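Keep in mind the model is a prediction, meaning the values are calculated, not measured. Worth knowing before you read on, the calculation uses all heavy atoms, side chains too, and leaves out hydrogens, waters and symmetry mates.
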Amino acid sequence: MSITFKLEIEGHSEEVNFSNGNAAALLILAGLQSAPYGEIPRERLDTAITKLLRALDSETARVRAVTSVAGGPRCSEGACTDEYLKRRAGEMMAMLVLARTHGCGVTWG
């Protein structure tokens with residue numbers, strides 16, 4: 001199973017897909033509630049971007065995020081190495097910055 005983050009820009013959509021476990025860890029790193037679906041409204045993008053930036057600089061935060069979702073039910077085990085999580089956090093942050101630039105939010109599900 002996987003979770004797709006998506007934004008709509010002037011009739012065009014951008015998407016990035018993560019395994020359930022990695023999506024949950026990234027949501028935690030962004031300061032958001034881990035859930036199978038949801039939305040980051042444009043008003044909360046700055047906060048999420050700032051938290052992701054801090055997490056990229058903090059191995060402790062990344063380990064805590066992975067550990068917090070490791071015990072939960074997961075249908076698909078994604079790679080949870082630190083380097084992989086940093087790369088994927090960068091991809092998510094790029095999407096959030098794009099959404100902020102265009103004044104829209106990001107949904108996932």
Task: Pairwise distance CG(Asp57) to CZ(Arg54) - rounded to 0.5 angstrom - done: 10.0 Å
Task: Summary of salt bridge (Lys or Arg N to Asp or Glu O under 4.0 Å) pairs that have at least one residue in residues 6-35, sequence neighbours excluded - done: Lys6-Glu8, Lys6-Glu15
- [ ] Take Leu85 and Leu26 through the test side chain to side chain contact (heavy atoms under 4.5 Å, CB included) and record every step on the way to the result.
- [x] CA-CA 8 Å; Leu85 188 59; Leu26 290 168; 3.9 Å; yes
TODO: Could I get the full list of side chain to side chain contact (heavy atoms under 4.5 Å, CB included) partners for Thr47, not counting sequence neighbours?
DONE: Lys51
Open item on the list: Run the salt bridge (charged side-chain N to carboxylate O under 4.0 Å, His left out) test against Glu43 and tell me which residues pass, sequence neighbours left out.
Closed with: none
Task: Pairs satisfying side-chain hydrogen bond (donor to acceptor under 3.5 Å, both in side chains), at least one member in residues 87-106, at least two apart - done: Asp46-Arg100, Arg87-Glu91, Arg88-Glu91
Open item on the list: Applying side-chain hydrogen bond (donor to acceptor under 3.5 Å, both in side chains), can you list everything that pairs with Glu83, at least two apart in sequence or on another chain?
Closed with: Lys86
Task: Partners passing side-chain hydrogen bond (donor to acceptor under 3.5 Å, both in side chains) against Thr107 (at least two apart in sequence or in another chain) - done: none
Open item on the list: How close do Gly90 and Leu56 get, counting heavy atoms only, and between which atoms?
Closed with: N-CD2, 4.4 Å
- [ ] Please round to the nearest 0.5 Å and tell me the distance separating atom CG of Asn22 and atom CD1 of Ile3.
- [x] 10.0 Å
- [ ] Please examine the side chains of Ile9 and Leu98, heavy atoms only from C-beta on, and report whether any two atoms are closer than 4.5 Å.
- [x] yes
Open item on the list: Any heavy-atom pair between the side chains of Met92 and Val106 that's under 4.5 Å?
Closed with: no
Open item on the list: For the OG atom of Ser34 and the CH2 atom of Trp108, what is their distance to the nearest 0.5 Å?
Closed with: 8.5 Å
Open item on the list: Quick test of your reading: applying ring pair (Phe, Tyr, Trp, His ring centres under 6.0 Å), list the pairs with at least one residue in residues 6-45, sequence neighbours left out, ordered by first then second residue.
Closed with: Phe5-Phe18
Task: Heavy-atom pair of closest approach, residues Cys104 and Leu45 - done: O-CD1, 3.2 Å
- [ ] Check the pair Val16 / Thr4 against side chain to side chain contact (heavy atoms under 4.5 Å, CB included), numbers first and verdict last.
- [x] CA-CA 6 Å; Val16 63; Thr4 301; over 6 Å; no
Task: Option from Leu32, Leu7, Ile49 for which side chain to side chain contact (heavy atoms under 4.5 Å, CB included) with Ile40 holds - done: Leu32
